[in-house]
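Structure first, commentary second.
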Amino acid sequence: MKYRVIKGTKDILPVETAAWQHVESVVRRTMHLFGYREIRTPIFEQTGLFARSIGELTDIVSKEMYSFLDRSKESVTLRPEGTAAALRAYIENSLGEQSPLTKLYYIGPMFRQERPQAGRLRQFHQFGAEAIGSPSPLIDVEMMLLAVEIYRSLGIDKFSLKINSVGCEQCRPRYKEILIAALKNIESQLSPDSRMRIDQNPLRVLDSKDEHDRLLTAGAPLIKDYLCGDCKKHFETLISLLDSLALPYEVDGRLVRGLDYYTKTAFEISSAMLGSQDALAGGGRYDLLVEELGGKRTPGIGFAAGIERLMMVLEKSGTHSFTVPPPDLFFVALDDHARRWSFGKTYELRRSGISAEIDYLARSIKAQMREANRQSARYVLVVGEAELASRTGKLKNMKTGEETEVTLDALNIPR
RNA sequence: GUGGCCAUAGUUCAGUUGGUUAGAACGCCAGGUUGUGGCCCUGGAGGUCGUGGGUUCAACUCCCACUGGUCACCCCA
């Protein structure tokens with residue numbers, strides 16, 4: 001084969017697009033229900049935007065970005081996530097000046113140059129929401145409800161919502177020192193990966209997949225016990241809200257998000273039906289990010305969800321099988337004259353909203369009937385010399401096999 | 001970036017200790033019905049056995065490299 005898709009990318013074929021469109025429409029409907037409006041930003045941006053927002057030291061920025069120099073030697077990057085661009089657009093277009101709270105959603109492709117595996121692609125698709133302007137835990141909860149509602153609307157109810165607080169610029173540095181001190185004590189027993197993480201990103205050590213690491217850190221200090229007054233209150237309110245709504249959740253003191261910009265609330269929705277990459281959606285609060293990107297100091301929160309992983313869950317739970325509606329009428333034409341007449345009629349019917357189809361290969365009647373059957377056409381009309389002469393024909397119901405006499409010039413296809 | 005497994009028709013897969021015309025099912029095309037689909041019967045098309053090298057009288061089969069896929073680690077949606 002001469003050309004093939006680039007590693008880690010995939011064609012979404014006609015058999016799958018109906019399911020994708022269904023998911024997209026549920027996403028849009030739910031977003032609108034919750035008062036979020038769509039924003040469409042370019043799929044590439046100045047490299048600095050991502051480096052600045054996501055964090056230079058994160059894996060995404062340090063080794064996974066699709067960056068290249070354009071013809072004017074400017075470094076541009078295919079977006080690895082959606083929040084940075086949404087906030088750039090928010091600031092650039094002064095959306096915050098028009099109303100104090102801006103609620104946005106997006107849906108589209110993202111790019112990260114990682115080694116592909118189950119549930120991980122180099123071009124993948126996400127939908128996500130951002131609420132910019134409110135520091136209230138109410139909006140944190142709305143964000144979780146929004147994500148959960150989308151999954152439920154799609155018939156997915158086996159997932160778990162994990163929440164944590166990662167603190168703020170006040171309490172996180174203090175906690176980090178305490179954690180590093182604790183980790184240094186057991187450093188020699190930790191896995192090589194975790195040993196490196198102590199300096200790079202100590203919080204990561206806590207959610208290591210290495211079983212020995214987990215045992216060793218069982219009693220390690222957790223950030224939720226070291227939150228400052230403000231963060232603590234925020235987290236407690238959040239929890240009481242979730243309790244009052246009877247939204248099942250689990251506090252996971254080891255939950256860490258991979259992007260630097262999160263403050264206070266962090267959450268993740270994961271599915272046991274997926275493989276090793278089990279996160280369906282992840283999000284959190286980013287109270288410093290707007291300012292970091294050059295806007296006014298404005299609190300915000302958002303989440304992003306992977307569509308491919310969602311599709312995997314739908315497929316595994318057997319709730320899929322979406323199809324486009326079949327043709328209402330298939331013309332079987334027996335000669336050139338009939339073909340021309342049927343072709344014209346097809347167009348006429350389509351213009352009046354009836355989905356009509358015709359054979360384009362001048363095949364035998366048997367082959368045309370087979371084609372009509374393959375396409376699951378609801379009705380078939382055989383057109384030959386006799387029909388054109390009498391201006392009447394037999395409309396065949398393909399399900400029952402029964403035929404009824406019709407006049408060609410006033411074709412009426414039963415619903 | 002590291003590691004395991006895999007690579008044969010359009011698809012899912014067989015292929016004996018290496019042995020001469022590489023098979024099946026499904027799908028596709030045609031006929032059985034010179035104007036009627038679905039089921040059935042008959043026939044047909046379709047493969048540089050991922051690529052390159054090596055061993056051998058002989059390689060789909062053994063060895064090496066590469067490419068691609070897949071799963072896992074790192075990390076994440």
Side-chain angles (χ1 to χ4, degrees), chain A residues 1-10 13 15 54 57-64 79-83 106-128 147 191-194 196-197 200-201 204-205 207-210 255-259 268-271 274-283 302-313 330-335 338 359 361 363-387 393-403:
Chain A
M1 206 148 320
K2 194 165 182 188
Y3 298 108
R4 39 170 125 230
V5 288
I6 286 172
K7 185 199 270 289
T9 70
K10 265 198 163 68
L13 299 172
V15 287
I54 299 167
L57 296 178
T58 60
D59 279 31
I60 293 180
V61 172
S62 65
K63 55 184 206 196
E64 296 170 3
R79 62 182 186 192
E81 55 104 42
T83 301
Y106 58 82
I107 176 164
M110 306 291 164
F111 307 83
R112 292 182 201 172
Q113 189 161 178
E114 302 178 82
R115 191 82 159 249
Q117 74 181 76
R120 167 186 293 160
L121 291 167
R122 290 186 171 183
Q123 174 175 343
F124 58 104
H125 297 77
Q126 289 186 331
F127 60 84
S191 67
D193 276 333
S194 285
M196 285 206 306
R197 284 189 278 235
Q200 307 257 329
N201 192 347
R204 275 259 107 77
V205 178
D207 74 346
S208 170
K209 282 185 185 173
D210 187 288
L255 177 68
V256 188
R257 308 247 25 95
L259 293 69
E268 183 172 303
I269 294 176
S270 55
S271 168
L274 293 175
S276 179
Q277 309 303 323
D278 64 349
L280 278 173
F303 81 91
I307 301 183
E308 281 83 358
R309 292 184 188 177
L310 168 50
M311 300 302 302
M312 287 168 80
V313 171
F330 193 102
F331 285 103
V332 170
L334 299 183
D335 56 34
D359 172 66
L361 302 175
R363 288 185 279 185
S364 68
I365 180 169
K366 178 169 178 159
Q368 293 188 58
M369 287 300 296
R370 229 181 359 241
E371 185 61 34
N373 188 59
R374 181 172 20 237
Q375 294 188 25
S376 307
R378 294 176 49 235
Y379 289 90
V380 159
L381 185 65
V382 177
V383 185
E385 268 180 66
E387 285 78 6
K394 288 191 198 119
L395 188 66
K396 178 164 187 171
N397 181 324
M398 291 294 276
K399 197 132 191 190
T400 63
E402 123 191 50
E403 298 187 313

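Each chain gets a letter, A, B and so on, in the order its sequence line appears, and its residues count up from 1. Since the structure is predicted, the reported quantities are computational estimates derived from the model, not experimental observations.
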| said: Determine whether Glu385(A) and Leu334(A) satisfy the following criterion, side-chain contact (heavy atoms from CB on, under 4.5 Å), listing intermediate values before the conclusion. | reply: CA-CA 8 Å; Glu385(A) 268 180 66; Leu334(A) 299 183; over 6 Å; no
| field | Listed nucleotide nearest any side-chain atom of Glu387(A), set C75(B), G31(B), G35(B) | value | G35(B)
| Would you say Arg4(A) reaches G50(B)'s phosphate, i.e. side-chain N/O to OP1/OP2 under 4.0 Å? | no
| request: Answer with yes or no whether Gln368(A) presents, from its side chain, a donor or acceptor under 3.5 Å of a partner atom in the base of U36(B). | output: no
| query | Hey, which of these two, Ile307(A) or Arg370(A), hits RNA chain B nearer its 5' end, going by closest nucleotide? | reply | Arg370(A)
| field | Gln117(A) side-chain N/O to A72(B) phosphate OP1/OP2 under 4.0 Å | value | yes
| query | When the P atoms of U51(B) and G68(B) are considered, how many whole Å apart are they? | reply | 15 Å
| message | Just confirming the chi classification of G50(B), syn or anti, using 90° around 0 as the syn window. | response | anti
| With a non-hydrogen cut-off below 4.0 angstrom, is Arg374(A) in contact with a base, only sugar-phosphate, or nothing? | sugar-phosphate
| field | Derivation of the side-chain contact (heavy atoms from CB on, under 4.5 Å) call for Leu280(A) and Val313(A) | value | CA-CA 9 Å; Leu280(A) 278 173; Val313(A) 171; 4.1 Å; yes
| field | Distance, rounded to the nearest Å, where Leu395(A) contributes CG and U36(B) contributes C1' | value | 13 Å
| field | Gap between atoms CD and P, on Glu268(A) and A77(B) respectively (whole Å) | value | 8 Å
| query | Mind checking whether Asp359(A) and Phe330(A) have side chains closer than 4.5 Å, heavy atoms only? | reply | yes
| message | Taking only the P atom of each, what is the distance from C57(B) to C5(B) in whole angstrom? | response | 31 Å
| Nearest-angstrom distance, P atom, G27(B) to C71(B) | 28 Å
| task | Would you kindly give the CD1-to-C1' distance between Ile365(A) and U36(B), to the nearest whole Å? | result | 5 Å
| message | Measuring to OP1 and OP2 of C75(B), would you say a side-chain N or O of Arg197(A) lies under 4.0 angstrom away? | response | yes
| Which part of the nucleic acid, if any, lies within reach of Glu403(A) when heavy atoms closer than 4.0 Å are counted: base, sugar-phosphate only, or nothing? | base
| Validation row: Phe303(A), Ile269(A) side chains within 4.5 angstrom (heavy atoms) | no
| Glu308(A) side chain to His125(A) backbone, donor-acceptor under 3.5 Å | yes
| message | Regarding G37(B), can its base be found pairing with the side chain of Lys396(A) as donor and acceptor, where the two atoms are less than 3.5 Å apart? | response | yes
| said: With rounding to the closest Å, how many angstrom separate the C1' atoms on C63(B) and G18(B)? | reply: 13 Å
| request: Starting from P on G3(B), measure out to CZ on Arg115(A) and report it in whole angstrom. | output: 8 Å
| Could you give the CE-to-P distance, from Met196(A) to C73(B), as a whole number of Å? | 16 Å
| said: Under 4.0 Å, counting only non-hydrogen atoms across every strand here, what does Leu121(A) touch: a base, just sugar-phosphate, or nothing? | reply: base
| Under the 3.5 Å rule, do the base of G37(B) and the side chain of Asn373(A) count as making a donor-acceptor pair? | yes
| field | Side chain Gln277(A) and base A72(B) donor-acceptor under 3.5 Å | value | no
| message | Taking G15(B) as the reference, what is the distance to A22(B) when you measure between their C1' atoms (whole Å, please)? | response | 7 Å
| said: Work out how far the P atom of U21(B) is from that of A58(B), and round it to whole angstrom. | reply: 15 Å
| remark: Here the distance between atom C1' of A77(B) and atom CZ of Arg79(A), to the nearest Å, is 13 Å
| query | Is any NZ, NE, NH1 or NH2 atom of the basic residue among Arg112(A) and Glu81(A) found under 4.0 Å from an Asp or Glu carboxylate oxygen of the other? | reply | no
| query | When rounded to the nearest Å, what value does the distance between P atoms of G3(B) and C66(B) take? | reply | 11 Å
| Between A77(B) (P) and Asp59(A) (CG): distance, integer Å | 11 Å
| request: Provide the closest heavy-atom pair for Gly8(A) versus Leu121(A) in the form atom of the first, atom of the second, distance. | output: O-CB, 3.3 Å
| task | Looking at every strand, decide which applies to Ala281(A) at a 4.0 Å heavy-atom threshold: base, sugar-phosphate, or nothing. | result | sugar-phosphate
| said: I'd like to know if Lys399(A) reaches the base of G37(B) with its side chain such that a donor and an acceptor end up less than 3.5 angstrom apart. | reply: no
| request: Record whether the side chain of Glu64(A) comes under 3.5 Å of the base of G1(B) through a donor-acceptor pair of N or O atoms. | output: no
| Any side-chain N or O of Ser276(A) less than 4.0 Å from the OP1 or OP2 oxygen of C73(B)? | yes
| query | Dot-bracket for RNA chain B, 5' to 3', with Watson-Crick and G-U pairs under 3.5 Å, [ ] for crossing pairs and | for other-strand pairs: what is it? | reply | (((((((..((((.....[...)))).(((((.......))))).....(((((..]....))))))))))))....
| Rounded to whole angstroms, how far apart are NZ on Lys7(A) and C1' on C71(B)? | 13 Å
| Checking Arg122(A) side chain against Phe111(A) main chain: does a donor-acceptor pair fall under 3.5 Å? | no
| remark: Tightest non-hydrogen contact, residues Lys7(A) and Pro116(A), listed as CG-CG, 4.1 Å
| query | In whole Å, what separates the P atom of G44(B) from that of G4(B)? | reply | 46 Å
| request: Looking at every strand, decide which applies to Ala386(A) at a 4.0 Å heavy-atom threshold: base, sugar-phosphate, or nothing. | output: base
| said: When you compare the side chain of Asp210(A) with that of Ser194(A), does any pair of heavy atoms fall below 4.5 Å? | reply: no
| message | Once you apply a heavy-atom cut-off of 4.0 Å, does Gly119(A) come out as touching a base, just sugar-phosphate, or nothing? | response | base
| query | If you find the nucleotide of RNA chain B closest to Val383(A) and the one closest to Ile269(A), which residue's nucleotide is nearer the 5' end? | reply | Val383(A)
